[in-house]
Colleague: 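Starting off with a structure, shown below.
In this text, all values refer to a predicted model and were calculated from it rather than measured experimentally.
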Amino acid sequence: MLQKFLLVRWKSMLAPWHQVDWLLFALTIGLTVFGGIMIRSTELNLGWTDWWQHWLVGGIGLALALGISRWHYAILIQWHWLIYGITNVSLLAVMFIGTTALGAQRWITIGGFNIQPSEFAKVGIIISLAALLHARTASTIPAAVKTLAITAVPWALVFLQPDLGTSLVFGAITLGMLYWANANPGWLLLMVSPLISAIIYGVCVPEWSEWGTTLQIGAALWRSLPWLVWVGAMGAVGLASLPWPWLGTLGAIGVNGVAGVLGHILWGLLKDYQKDRLILFLDPEKDPLGGGYHLIQSRIAIGAGELWGRGLYQGTQTQLNFIPEQHTDFIFSAIGEELGFVGCLSVLLVFWLICLRLVLIAQRAKDNFGSLLAIGVLSMLVFQLIVNIGMTIGLAPVTGIPLPWISYGRSALLTNFIAIGLVESVANHRQRQRY
């Protein structure tokens, strides 16, 4: 009788969370605990205490996630315009009362704590787009354009801070949610094609001064061939996917052509440190003591870890503080040096399981709104994961994108837990499965 009473009592206590994904919670908690351990390793000889603050904020985030998972996520539909407005107002406030650090104005100081509104704006835009696409899918061009217009306002406010990394996250969230909302994949490719065209133009097409004699023109055309092929390919995509075939083809070619030519002008709008981050990952040895220093030291650290790593608290690059900002953006280099390839692979496996759980929750959601919330969170996490790890090993430019749940960053950590709370609410309020 006692066992039966305790079992009933236990089930009643868990009733508000009867369908949450406990494995998803366990994985995120595990990454947070692991993140605190690695943060402590990077600061062992500095006397800092960010590691226990990481755990403290993680505990607060977990409490928020558990609370959010009890509420029905559908309530957010009627509040999504208010959430969108608060998101934009908070980003606008940064421009007037924000705190400047590291060449950017991204934080608002409240009660001695720095709060980064752009991190919370990620969740705000996910909710806003999910509500918008829930009411009308992106299967038509006007619906897709409306989605882009909604995203453009917070994206521009974040870009002007300037925060290039977070603005790219906004783009990834939008593309992922548009794809899940039945947007034509060709349209998504055309949306990002101007940026790609500008990059290819800048890399391949010679300066106008090099277009001189007939021989020089031939060589210049040969060097420009990749860009010309890209523009032609986008024309073919426009022909195949847009409802106005020939007009769409000419439009796609024209937009990509103009984007390439304007690439040099747009390049001038970026800050010097942003230019360095975009260029030096290709050849960091050009400035080994300046913009390329982070990447060179990070690659040395990860390579030194070999298969099993040097051991926790034993990494020379990590313990001698060769890598700046290692407790935040470059935390993966500490994992690579001290825990080796096996440790890195284990971290990636955990992230893969988290992504798998998010996809399953999206597929099993009882409505499109819940499914889109889960896909928005998935898009946010996957992009941040790829860019953060990619920049530490030299496969992506250095941007201020943290590694979810592992890098130190109070606003980022709270944002990730709030996002998981929303997804857990979708799981918790799906229809019961019958066997």
Colleague: Report the distance from atom CG of Leu373 to atom CG of Leu378, rounding to the nearest 0.5 Å.
Modeller: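 So the CG of Leu373 and the CG of Leu378 are separated by 12.5 Å.
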Colleague: Quick one: closest heavy-atom pair of Asn368 and His134, and the distance?
Modeller: CB-ND1, 3.8 Å
Colleague: Does a side chain donor of either Gln116 or Thr415 reach within less than 3.5 Å of an acceptor in the other side chain?
Modeller: no
Colleague: Is there a side-chain contact between Thr174 and Thr147, using heavy atoms and a 4.5 Å cut-off?
Modeller: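 Yes; the side chains approach each other to less than 4.5 Å.
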Colleague: Given side chains that start at C-beta, do those of Ile418 and Phe120 come closer than 4.5 Å, heavy atoms only?
Modeller: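 SC-SC contact between Ile418 and Phe120 confirmed.
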Colleague: Measure the acute angle between the ring planes of Phe25 and Trp22, then classify it against the limits of 30° and 60° as parallel, tilted or perpendicular.
Modeller: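 Geometry flag for Trp22 against Phe25: tilted rings.
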Colleague: Taking all non-hydrogen atoms of both residues into account, name the closest pair between Ala252 and Met234 and its distance.
Modeller: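 In terms of heavy atoms, the two residues are closest at CB-O, 3.4 Å.
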Colleague: So how far is it from Asp163 CG to Phe170 CZ, rounded to the nearest 0.5 Å?
Modeller: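 Rounded to the nearest 0.5 Å, the CG-CZ separation comes to 9.0 Å.
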Colleague: Looking at Ala362, is its backbone amide N or carbonyl O close enough to the side chain of Ser371 to form a donor-acceptor pair, meaning the two atoms are under 3.5 Å apart?
Modeller: yes
Colleague: About how many Å separate CD1 of Ile335 and CD1 of Ile389, when rounded to the nearest 0.5 Å?
Modeller: 8.0 Å
Colleague: Please check: side-chain N/O of Trp51 versus main-chain N/O of Ile39, any donor-acceptor pairing under 3.5 Å?
Modeller: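 No; judged by distance alone, with no hydrogens or angles, the pair does not exist.
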Colleague: Do Arg40 and Tyr313 form a cation-pi contact, if we require the NZ or CZ to be under 6.0 Å from the six-membered ring centre and within 45 degrees of the ring's axis?
Modeller: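 Satisfied, under 6.0 Å and within 45°.
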Colleague: Any side-chain donor-acceptor pair under 3.5 Å between Gln317 and Ser333?
Modeller: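 No, no side-chain donor-acceptor contact under 3.5 Å.
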Colleague: Hey, could you give me each pair passing ring-ring contact (aromatic ring centres under 6.0 Å, His included) that has a residue in residues 339-364? Not counting sequence neighbours.
Modeller: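 Residue pairs passing ring-ring contact (aromatic ring centres under 6.0 Å, His included), neighbours aside: none found.
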Colleague: Just jot down the ring-ring contact (aromatic ring centres under 6.0 Å, His included) partners of Trp180, sequence neighbours excluded, or say none.
Modeller: none
Colleague: With side chains defined as the heavy atoms from C-beta onward, is the minimum distance between Val153 and Tyr84 less than 4.5 Å?
Modeller: yes
Colleague: Is there a donor in the side chain of Asp367 and an acceptor in the side chain of Tyr73, or the other way round, less than 3.5 Å apart?
Modeller: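 A pair is found: one side chain offers a donor N or O, the other an acceptor, under 3.5 Å apart.
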Colleague: Testing the basics here: between Trp71 and Ser425, what is the closest heavy-atom pair and its distance to 0.1 Å?
Modeller: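 It is O-OG, 2.5 Å.
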Colleague: Working note: Trp227 + Tyr201, criterion ring pair (Phe, Tyr, Trp, His ring centres under 6.0 Å); need CA distance, chi angles, decisive distance, verdict.
Modeller: CA-CA 6 Å; Trp227 180 71; Tyr201 184 97; 5.1 Å; yes
Colleague: Say whether, by atom type as modelled, one donor and one acceptor occur between the side chain of Asn388 and the main chain of Gln384 under 3.5 angstrom.
Modeller: no
Colleague: Check the side chains of Ser193 and Asn256 for a donor-acceptor pair under 3.5 angstrom, ignoring hydrogens and angles.
Modeller: yes
Colleague: Compare every heavy atom of Pro404 with every heavy atom of Asn416, then report the nearest pair and how far apart it is.
Modeller: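 Heavy atoms of Asn416 and Pro404 come nearest at ND2-CA, 3.6 Å.
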Colleague: In Å, rounded to the nearest 0.5 Å, how long is the span from CD of Glu119 to OG of Ser90?
Modeller: 12.0 Å
Colleague: Decide yes or no for Leu129 and Leu372: does some side-chain heavy atom of the first lie under 4.5 Å from some side-chain heavy atom of the second?
Modeller: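 Side-chain contact under 4.5 Å: no.
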Colleague: Taking Ile77's backbone N and O only, do any of them form a donor-acceptor pair with His80's side chain (distance below 3.5 Å, no angle check)?
Modeller: yes
Colleague: Taking atom OG1 of Thr137 and atom CG of Leu178, what is their separation to the nearest 0.5 Å?
Modeller: 10.5 Å
Colleague: May I ask you to decide if His327's main-chain N or O and Glu43's side chain share a donor-acceptor pair within less than 3.5 Å?
Modeller: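 No, because the side chain of Glu43 does not come within donor-acceptor range (under 3.5 Å) of the backbone of His327.
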Colleague: What do you reckon, is OH of Tyr179 surrounded by more than 12 foreign heavy atoms closer than 6.0 Å?
Modeller: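 Result for OH/Tyr179: open.
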Colleague: Testing the basics here: between Glu424 and Leu24, what is the closest heavy-atom pair and its distance to 0.1 Å?
Modeller: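 Where Glu424 meets Leu24 most closely, the heavy atoms are OE2-CB, 3.5 Å.
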Colleague: Within the 4.5 Å heavy-atom criterion, are Ile401 and Thr166 side-chain neighbours or not?
Modeller: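 Result no, sub-4.5 Å side-chain heavy-atom pair not found.
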Colleague: Indicate yes or no: at least one non-hydrogen side-chain atom of Leu157 is less than 4.5 angstrom from one of Gln161.
Modeller: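 No, too far: nothing below the 4.5 Å cut-off.
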Colleague: Restricting to non-hydrogen atoms, name the atom on Cys344 and the atom on Gly336 that form the minimum distance, rounded to 0.1 Å.
Modeller: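 For Cys344 and Gly336, the tightest heavy-atom pair comes out as SG-CA, 3.4 Å.
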Colleague: Taking the side chain as every heavy atom from C-beta outward, state whether Gln319 and Ser41 have any pair of such atoms under 4.5 Å apart.
Modeller: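 Result yes, sub-4.5 Å side-chain heavy-atom pair found.
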Colleague: Counting C-beta onward and ignoring hydrogens, is there a side-chain heavy-atom pair between Leu242 and Ile141 closer than 4.5 Å?
Modeller: yes
Colleague: Main chain of Thr328, side chain of Ser407: is a donor-acceptor contact present, judged purely on distance under 3.5 Å?
Modeller: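 Yes; at least one donor-acceptor contact below 3.5 Å.
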Colleague: Identify which one of Val57, Ile29, Thr32 satisfies the side-chain contact (heavy atoms from CB on, under 4.5 Å) criterion when paired with Leu62.
Modeller: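 Exactly one pass, corresponding to Ile29.
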Colleague: Determine, step by step, whether Ile127 and Leu422 satisfy the side chain to side chain contact (heavy atoms under 4.5 Å, CB included) criterion, reporting the C-alpha distance in whole Å, the side-chain angles of both residues, the deciding distance to 0.1 Å, and the verdict.
Modeller: CA-CA 9 Å; Ile127 295 172; Leu422 290 175; 4.0 Å; yes
Colleague: Have Gln53 and Tyr408 got a donor and an acceptor in their side chains that come within less than 3.5 Å?
Modeller: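 Yes, Tyr408 and Gln53 have a side-chain donor paired with an acceptor closer than 3.5 Å.
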Colleague: How many angstroms lie between atom OG of Ser69 and atom CD of Gln19, to the nearest 0.5 angstrom?
Modeller: 12.0 Å
Colleague: Aromatic rings Trp405 and Phe417: how do their planes relate, parallel, tilted or perpendicular, breaks at 30° and 60°?
Modeller: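 Answer is perpendicular, since the angle exceeds 60°.
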Colleague: Looking only at side chains, do Gln326 and Thr318 share a donor and an acceptor under 3.5 Å apart?
Modeller: yes
Colleague: Go through the steps for Thr316 and Phe322 under the test side chain to side chain contact (heavy atoms under 4.5 Å, CB included), then give the verdict.
Modeller: CA-CA 8 Å; Thr316 54; Phe322 276 98; 5.9 Å; no
